[in-house]
Amino acid sequence: MIQRLLLLLTLISIFAFANIDRKEYPQDYFRSPVNHEIRLSGTFGELRPNHLHAGIDIKAVNGKIGQPLFAVADGYVSRVKMQSGSYGKVLYISHPNGYTSVYAHLHKFTPELEKYVKEAQYRKKAFEVDLYPEAGKFKFNQSQKIGTLGLSGRSYGPHLHFEIRDSGTEKPINPLLFGLKIKDTRAPMINELKVYYLNDKRETTNTKIYTPTKSGSKHRLKGDTISLSAWRVGFGLKTYDNMNSSSNWNGVFAVSMYQDDKLIYGFEMETFDFGESRYINAHLDYEEQVAKKSYFNRCYALPGNRLSIYPEQKNDGVIKLHKNKASKITMVSEDLSGNKSKLEFWVKRKKVKPADTNPYNYLLPYDEENIISNESVYLYFPARCLYENLYMEYHSSREKSTNIYSSVHHVHNYKTPVHRYFDIGIRPIGLPDSLRNKAFIAYCDKKNVISNCGGKWKDGKLQTKVRDLGDYSIMTDTESPKIVPKNFKSNMKGFNTMSFKITDNFKAAKNVTYLDYRATVDGEWILMEYDAKSDLITHRFDGSIERGEHVLRLRVEDNCGNVKVFKKKFRR
């Protein structure tokens with residue numbers, strides 16, 4: 001009787017995470033936005049660089065653009081947006097039940113919406129517009145065509161990025177919780193386990209990676225028991241979800257971790273706030289991601305992690321180790337179709353050796369303001385700029401390369417994440433007055449690619465805001481952007497479009513404008529659609545340019561005020 005009771009309690013503990021209270025979502029209200037089987041190339045909450053994926057990515061039925069997309073329920077268009085990057089061409093439909101559906105990377109809207117957007121673009125003389133039509137101006141019934149699938153914005157293959165949001169809070173919710181059906185009988189993969197040796201401040205002193213062996217949906221480590229030279233540890237799990245009709249390695253819905261059959265940690269990808277999405281850099285192993293493109297879910301909490309995806313955490317997921325008693329660890333990875341994979345092993349402590357210490361110049365507490373200032377550099381880190389205390393290594397060096405007008409400031413390294421922008425100011429060395437307005441703070445990444453981070457002069461230093469650790473200096477840009485005709489001739493009769501590739505000699509940081517452009521025909525502004533991923537601007541002839549000879553003028557300006565003008569006659 002006692003044995004049966006213990007078994008029952010164990011089973012209750014093992015399945016407790018799956019039964020955590022979750023909001024009930026309507027199951028029969030929304031239809032699929034496509035008329036074919038849903039095949040996913042991306043799942044909700046999937047780990048992406050610097051953000052959690054806020055929707056699901058539905059593959060094109062034939063791998064091409066242009067297939068029809070449909071309203072998932074009755075509603076009205078509450079927002080429509082055009083971007084050169086990000087979501088590209090995106091439509092928002094608000095529904096009477098309090099939710100909003102979002103359709104991103106579209107190729108085309110309906111003719112009425114295309115006309116509405118184009119009129120706004122000409123009125124504002126801008127390609128990028130963010131419009132909020134009055135409620136009811138554009139209505140769709142369920143199953144009515146709303147546009148076609150594309151690859152606009154930061155889309156590198158034809159697909160629909162689809163979201164369902166709470167209309168009141170704008171929080172995205174996992175669309176698969178609304179009854180959308182996908183075929184999935186395959187359990188998630190568990191690829192690797194990473195162990196983090198932790199000190200009493202929850203700081204990593206060492207790491208080790210293990211590769212489990214698989215038998216069905218169960219995974220084990222060689223020898224079953226691992227002995228670790230640490231008083232306490234955290235674990236990270238590299239795990240992906242495969243689906244029946246897709247070969248993509250997608251993100252899992254949930255991971256839970258048990259110590260001696262007691263639930264101590266778990267996350268699930270039900271919903272989150274866009275404002276917290278960047279905390280993904282505390283959830284994943286950032287160094288693995290930026291250095292190796294390897295995605296580990298960290299199964300313990302860094303001090304500065306404020307993500308809301310953890311319904312259960314005991315002792316922040318940290319495992320205390322004992323010398324003479326092994327502790328059983330069970331890690332469960334699951335998808336929303338109920339498929340699960342389990343990794344089970346035992347862990348105990350062996351003799352603890354003193355941890356190696358890395359050299360550092362400054363200790364930056366993650367929850368305090370930190371200032372570093374000397375004659376050549378100024379650094380200001382706001383509180384909670386970091387996810388854990390940083391033992392920062394800083395030094396400067398002189399670079400003999402041309403076009404560098406300061407010391408190079410080595411601010412730790414790129415393998416440590418930064419949550420908020422921090423201030424940097426650098427004093428120039430040997431910068432001619434004639435080049436002050438062409439100067440910018442330059443960031444040199446791990447591949448030696450330079451990014452323009454902008455900058456304004458203040459107190460004798462060039463200052464700006466940045467969000468990466470690494471190497472910074474002052475450089476100048478006196479080179480004009482490049483304009484290369486891709487589809488343009490003096491005789492444009494019979495052509496539907498004309499297009500140009502516009503590029504600059506330096507990349508731009510995300511908070512800095514890359515290029516400004518303006519095109520006119522016979523002095524009148526014309527719409528040029530901008531695809532940032534291909535650096536292509538395109539004009540679609542719609543009959544507004546009459547037959548005959550015309551003059552095209554295209555002006556492109558970079559962040560440092562360098563201008564390139566392309567001017568040429570053409571015939572229609």
Side-chain angles (χ1 to χ4, degrees), residues 32-49 51-69 87-88 103-107 148-163 174-194 209 211-219 236-255 267-269 280 284-285 288-290 292-297 331-343 533:
S32 168
V34 296
N35 271 349
H36 58 84
E37 176 190 356
I38 293 178
R39 297 180 299 122
L40 297 184
S41 59
T43 48
F44 182 86
E46 191 168 88
L47 309 184
R48 300 285 179 88
H51 71 285
L52 291 165
H53 192 229
I56 57 175
D57 289 343
I58 301 175
K59 289 186 171 187
V61 65
N62 56 3
K64 300 179 180 179
I65 64 174
Q67 76 176 69
L69 301 173
Y87 282 11
Y103 315 76
H105 305 310
L106 299 190
H107 178 56
T148 56
L149 180 147
L151 47 70
S152 59
R154 289 290 174 185
S155 171
Y156 293 92
H159 73 277
L160 169 67
H161 173 89
F162 176 71
E163 298 178 12
N174 196 324
L176 299 186
L177 292 171
F178 290 83
L180 299 183
K181 304 298 182 185
I182 59 171
K183 292 181 180 179
D184 185 10
T185 59
R186 302 175 65 181
M189 303 177 292
I190 293 179
N191 301 75
E192 290 181 318
L193 173 76
K194 187 166 183 177
I209 291 178
T211 302
T213 58
K214 179 184 177 185
S215 177
S217 62
K218 295 182 179 179
H219 300 71
L237 196 66
K238 186 192 292 186
T239 178
Y240 298 98
D241 190 25
N242 279 153
M243 298 175 182
N244 291 28
S245 55
S246 175
S247 60
N248 295 78
W249 288 25
N250 296 325
V252 299
F253 172 67
V255 168
F267 75 79
E268 60 179 23
M269 297 300 184
I280 186 179
L284 54 70
D285 186 314
E288 289 277 351
Q289 186 258 311
V290 297
K292 303 177 184 177
K293 295 184 179 179
S294 184
Y295 289 82
F296 280 90
N297 293 278
M331 307 184 81
V332 181
S333 176
E334 61 183 295
D335 61 31
L336 259 177
S337 296
N339 304 301
K340 298 182 181 182
S341 288
K342 183 167 68 173
L343 169 63
K533 64 178 177 290

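Position 1 is the first residue of the sequence; numbering continues from there.
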> Should Asp241 and Phe253 be marked as a side-chain contact (heavy atoms from CB on, under 4.5 Å) after you check the CA-CA gap, both sets of side-chain angles, and the distance that decides it?
CA-CA 8 Å; Asp241 190 25; Phe253 172 67; over 6 Å; no
> Do the side chain of Ser246 and the main chain of Ser41 share a donor and acceptor less than 3.5 angstrom apart?
no
> For the atom pair CD1 (Ile38) and CG (Asp184), what is the distance rounded to the nearest 0.5 Å?
12.5 Å
> Please check if the side chain of Asn242 supplies one atom and the backbone of Asn248 the other of a donor-acceptor pair under 3.5 Å.
yes
> Could you go step by step and tell me if Leu237 and Ile190 meet the side-chain contact (heavy atoms from CB on, under 4.5 Å) rule?
CA-CA 7 Å; Leu237 196 66; Ile190 293 179; 3.8 Å; yes
> Indicate whether any N or O donor in one side chain lies under 3.5 Å from an N or O acceptor in the other, for Ser294 and Lys238.
yes
> Over all heavy atoms of both residues, which pair between Tyr295 and Leu284 is shortest? Give the atoms and the distance, please.
CD2-CD2, 4.0 Å
> Where do Val255 and Thr239 land on the side-chain contact (heavy atoms from CB on, under 4.5 Å) test, with the steps shown first?
CA-CA 9 Å; Val255 168; Thr239 178; 4.0 Å; yes
> Please check: side-chain N/O of Lys533 versus main-chain N/O of Gly153, any donor-acceptor pairing under 3.5 Å?
yes
> Any donor-acceptor pair under 3.5 Å linking the side chain of Ser341 with the backbone of Ser333?
no
> So, taking the atom named CD1 in Ile58 and the one named CG in Leu149, what distance separates them when rounded to the nearest 0.5 Å?
9.0 Å
> Any side-chain to backbone donor/acceptor pair from Asn174 onto Met269? Under 3.5 Å, distance only.
yes
> Is the shortest heavy-atom distance from the side chain of Leu160 to the side chain of Leu106 under 4.5 Å?
yes
> What are the two closest non-hydrogen atoms of Leu47 and Phe296, and how far apart are they?
CD1-O, 4.4 Å
> Do you know the tightest heavy-atom contact between Asn244 and Thr185?
OD1-N, 2.7 Å
> Okay, side chain of His53, backbone of Thr43: is any donor-acceptor separation there less than 3.5 Å?
yes
> Is there a donor-acceptor pair closer than 3.5 Å between any side-chain N or O of Asn339 and the backbone N or O of Glu334?
no
> Knowing that exactly one of Glu163, Arg154, His105 qualifies, which makes a side-chain hydrogen bond (donor to acceptor under 3.5 Å, both in side chains) with Tyr87?
Glu163
> Kindly compute the distance separating CD (Glu37) from NZ (Lys59), expressed to the nearest 0.5 Å.
10.5 Å
> Please find the pair of heavy atoms, one from Leu40 and one from Met243, that lie closest to each other, and give the distance.
CD1-CE, 3.7 Å
> Within the 4.5 Å heavy-atom criterion, are Ser152 and His107 side-chain neighbours or not?
no
> Can Arg48 and Asp57 be counted as an ion pair, charged N to O under 4.0 angstrom?
yes
> Dump the intermediate steps for side-chain contact (heavy atoms from CB on, under 4.5 Å) on Asp335 and Val252, then the final yes or no.
CA-CA 5 Å; Asp335 61 31; Val252 299; 5.8 Å; no
> Got Asn297 and Phe267 here, is their nearest side-chain heavy-atom distance under 4.5 Å?
yes
> Is there a donor-acceptor contact under 3.5 Å from the side chain of His36 to the main chain of Val34?
no
> So does Lys194 pair up with Glu288, basic N to acidic O under 4.0 Å?
yes
> Give a yes or no answer on whether the side chain of Gln67 reaches the backbone of Val61 with a donor-acceptor pair at less than 3.5 Å.
yes
> Is there a side-chain contact between Ile209 and Leu193, using heavy atoms and a 4.5 Å cut-off?
no
> Check whether any side-chain heavy atom of Lys64 lies under 4.5 Å from a side-chain heavy atom of Pro158, and answer yes or no.
no
> Mind checking the CG-OH spacing from Leu69 to Tyr103? Nearest 0.5 Å is all I need.
8.5 Å
> Can you name the closest pair of heavy atoms from Glu268 and Ala254 and give their distance?
CB-CB, 3.8 Å
> Search all heavy atoms of Phe44 against all heavy atoms of Ala54 and return the closest pair with its distance.
CE1-O, 3.3 Å
> Let me confirm one number: the CE-NE2 distance from Met331 to His219, rounded to the nearest 0.5 Å.
12.0 Å
